[in-house]
Every structure is written in C-alpha cells, then in structure tokens.
2 protein chains.
Amino acid sequence: MQEKSNRPYHHGDLRRTVIETAQQMLQEEKGWQFTLREVARRAGVSHAAPYKHFPDKSALLAELAALGFDQLRSEIAGALERPLRSARAEFVAAAKTYVQFGTANPSLYRLMFSGDVDKAAHVKLDEAGAGAFAELTGIIERGQASGAFKKHPVRGQAAAAWALAHGFTMLTIDGQLMAEKVGAKPLDAALMSMLEGLET
Amino acid sequence: MQEKSNRPYHHGDLRRTVIETAQQMLQEEKGWQFTLREVARRAGVSHAAPYKHFPDKSALLAELAALGFDQLRSEIAGALERPLRSARAEFVAAAKTYVQFGTANPSLYRLMFSGDVDKAAHVKLDEAGAGAFAELTGIIERGQASGAFKKHPVRGQAAAAWALAHGFTMLTIDGQLMAEKVGAKPLDAALMSMLEGLET
DNA sequence: TCTCCTATGTTGACAGTGGCAACTTGTGGG
DNA sequence: CCCACAAGTTGCCACTGTCAACATAGGAGA
C-alpha cells in the first residue's frame, strides 16, 4: 500500500518475532530451507532487519535447533516426573517421548541433527548430546542400581539406547518404517529387543 | 582465456562428468549444498548445460543418493558373501559395514537420508529402505531358522536393527558419540545389547 | 552423399537469495 | 537537552536456479 505501515519504526520485539516466524516456516514445505528474506517479509520488516539480531541465517537456525533441544529435554523430563514403577517403564517412557517429539516435529528434528547448523554458534547445541545422553545414562544407572538391568558399561548402553531412539525417529520421519513393511507397532518391538538385552 | 577451449562443442559424456564432479564436491565443506553452477564450471561447460541431462538440481541430488544406496547395498552384500559361522557374526558384519559406510561418507550418507531429495524423482530411493531392510530381514530370518535368534516378529526385529545402525551412524557423523563420552567401542557395546535381545 | 531431426551445447535473462555498507529513526541515559 | 547507541531502512553486490532462444554437431534415413 502506498500508505505507510502503521507499525512504528522500531519493532520493539523483532528478535522474538523472527524466531517465531521461522518456527512457523519450519512447519512448511521447505522446512529449514526457508529464506531469511521471507521471514523478514512476514515479520513486516525490511530484509536487512534480522541482521541486527542474528549475525547470519545460520545463527537463526542454530537458535531454532537449541530451542528444539530445550523442548525435547523438557518433554523427556516431564515423562519421567511421574513416579514410575520400574526401570523398564522409565526406559520406555523416555524412549517413546523422544520418538514422539521427533515425529511430531519432523523439520525441527531434522534441523536439530543436521550438519548445517553451526554448532560453534550456540552453546546449547554442544549440550544437545549431553542432555539426551544424560537422561538415558541416568535411567540405565538407576536400572543397574536396582538390579533390573545387567551391569554392563553404562555409557555404551546409553549410546545404544540413544542410537535406537534417534535412528527410529529419523527413519520414521523419512517414511521408511511404514506399517505394511515393519508391522503395526515397530517401536514397541524395537524397545522390547533393546530391553531384552538390558534386563537381567 | 581468450583462446577457445580445446574441448569440442559436444562434451560427449557430460552426464557422467556432472555426476562425478558432484560426488567430489560432496566431500567438500558444503556437502550436498554445492551449487550446480560450480559443478558446471568444474566440468568445463556452461551453467545451463547440466539442464540437458538433469531436469533440475534436485534430480542430480537424487541420482547421487541412489548411487549411495547402490554402494551401501553392495558393501553389505560383500560383507555377507564370505561364509560366516553364525547368525551373530552375520548380524555384526552387516551392522559394522553399514556404520562404516556411513561414517566414511558422511555427506553422502546425510544426503541419502535427507528429506531434501525428491524421492519421487528416482525409483532407487523408493528401494532404499527395501534394500537395507531386506538384508536385515534375511539375517534375522536365517538366525531364527537356525535357532540362534528368538522367534519374535521378524520385521519388528529388523526395524530395530536398522534403527540402531542408522541412529548410530547419524550420531557418529554428528560427532555426538565421542569416545570420552561413550567409551572406546560404543558400536560393539550397542551391537551386544541388541544381540542379547535377539539371541536365545 | 545429402537432408533433416534430435541431442546437446551456449548465451542471455529473470527473479530471487545472503549479507554488507551507509543512512535514518528512535530510545534511553547522563 | 544532547549524545551515543540500538534498531530500523535502502541500496547494492555477487551469486544462485532455471528458462528460452539460439548454435552446433551427430546420426538416421532416403
């Protein structure tokens, strides 16, 4: 419109708006390959405005990934808050929450684990592995302490559990684990296999 | 140079040259986010020449991914060619070959499983899951037939095995499975866990 | 051998991108 | 009230993917 925008010259909260707009665009067809200019357009500012809040596009992507890790950790912690009856129940709850998060947010999950975000740009991304891994390590340690799990090296077991959850999430997002190919409840089957290896 | 290139007007084998050049560029820093114009420059042709062999950039990426799946399947088949003493040995050989392939070719492996290649563009990508999955299914079937593996639903077990191998590969490529975090031989630990679940 | 059609190159253009510099408009602190 | 800084805008550059029109072979058929 020829008439000036009624937004004042200073947006007031552009950093948050850019992040939220980018999060919305993650849900769209191009996933994290949206353009920063389109983010700026939707935020109602010029194409260069986001550069006052993020050094470059990669920094915005890193921020999105970091928020994703925050949310993942929060959901896993939430799943373990309720008193659980056994190490097995803890393990299953954490794993199912993990996979549920990834499959509910496929583009975000891909971004979180793409090589394209600059891990040096955001300390939270360094903590990414630490967070998920720490939860799993804790579950296995408690399981071994209670006698429910075999006393194998904890970190190797935790790596296996994380690899299984991560791999399952990625393959599901890719559409590689269709029911007609892998049966109706492949996650349950996968977790049972892993548990049979873990349990005494 | 002002002097004309000594390459004749018709390249003669440009499609193969574009593929090979792109494969080389996959090994470089930008991974599969190389530009088609740079591929054309390195191939010594104009920026539009590749469009006579590939409808668009995505089609070239799909071709690279398909060749990656060919190579992966070939390497797994090669690992299983030698007579193996047990179902366990088969399982370990296939899994280790899988992870070895992915960690030796990180950018190619990421491309193979990125959501960014158009699966409709190449029938081999549809077969991607079929190939790896068929190998794993075969190993588990043979293991169950010989009595080495428990008689659980095969496809669920195969899905678990694939998820573990895939997840382990992706996390390794991401640098998330450093030895100081997960111990010296995390893949061996992971495979042992899964095998303890599989074996009778 | 010639002609014609197709394959496969090239050139030029378009619309868009990421990101930078210089400038403009507030805002807040002293 | 003034000034320094934050946070906007405008304009530009070099590059991209892709398309259309044109140029140059190459091969098949008469």
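Here is how names work: the chains are called A, B, and so on, in the same order as the sequence lines, proteins then strands, and each is numbered from 1.
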Can a donor-acceptor pair be found between the side chains of A:Q71 and A:E75 at a distance below 3.5 Å? yes
Whole-Å distance separating the NE2 atom of A:H11 from the C1' atom of D:dT9: 14 Å
So does A:K52 get a side-chain nitrogen or oxygen closer than 4.0 Å to the phosphate oxygens (OP1/OP2) of D:dA6? no
Check side chain to side chain donor-acceptor pair (under 3.5 Å) between B:E90 and all other residues, then give those that pass, not counting sequence neighbours. B:R142
For a quick check, tell me whether the side chain of A:Y9 and the base of D:dA7 share a donor-acceptor pair closer than 3.5 Å. no
Kindly write out the residues that satisfy side chain to side chain donor-acceptor pair (under 3.5 Å) with B:S193, not counting sequence neighbours, or none if the list is empty. A:Q157
Which nucleotide span of DNA chain C, 5' end to 3' end, has atoms closer than 4.0 Å to non-hydrogen atoms of chain A? C:dT17 to C:dG26
Of all of residues 23-40 of chain B, which get a heavy atom below 4.0 angstrom from DNA chain C, listed by number? B:R37
Look at the side chain of B:T200 and the backbone N and O of B:G147, then say whether any donor-acceptor pair between them is shorter than 3.5 Å. yes
Using a 3.5 Å cut-off and no angle test, enumerate the donor-acceptor pairs between side-chain atoms of residues 27-36 of chain A and protein atoms at least two apart in sequence or in another chain.
residue	atom	partner	partner atom	Å
A:E28	OE1	A:R42	NH2	3.0
A:E28	OE2	A:R42	NH1	2.8
A:T35	OG1	A:E38	N	3.1

Polar side-chain atom of B:K150 near backbone of B:Q144 as donor-acceptor pair, under 3.5 Å: no
Test: B:R15 and B:E63 ion pair at under 4.0 Å: yes
Please name the pair of heavy atoms, one in A:L111 and one in A:L61, separated by the smallest distance, quoted to 0.1 Å. CD2-O, 3.6 Å
Output the rounded distance in Å from CG (B:L60) to P (D:dG17). 10 Å
Quick one: the side chain of A:H47 and the base of D:dG11, do they pair up donor-acceptor inside 3.5 Å? yes
For A:H10 and D:dT9, give me the distance from atom NE2 to atom C1', rounded to whole Å. 11 Å
Who are the side chain to side chain donor-acceptor pair (under 3.5 Å) partners of A:D56, not counting sequence neighbours? none
In whole angstroms, the gap separating P of D:dT16 from CZ of B:R42 amounts to 11 Å
Using heavy atoms to find the nearest nucleotide of DNA chain C for A:R41 and A:P55 separately, return the residue whose nucleotide is more 5′. A:R41
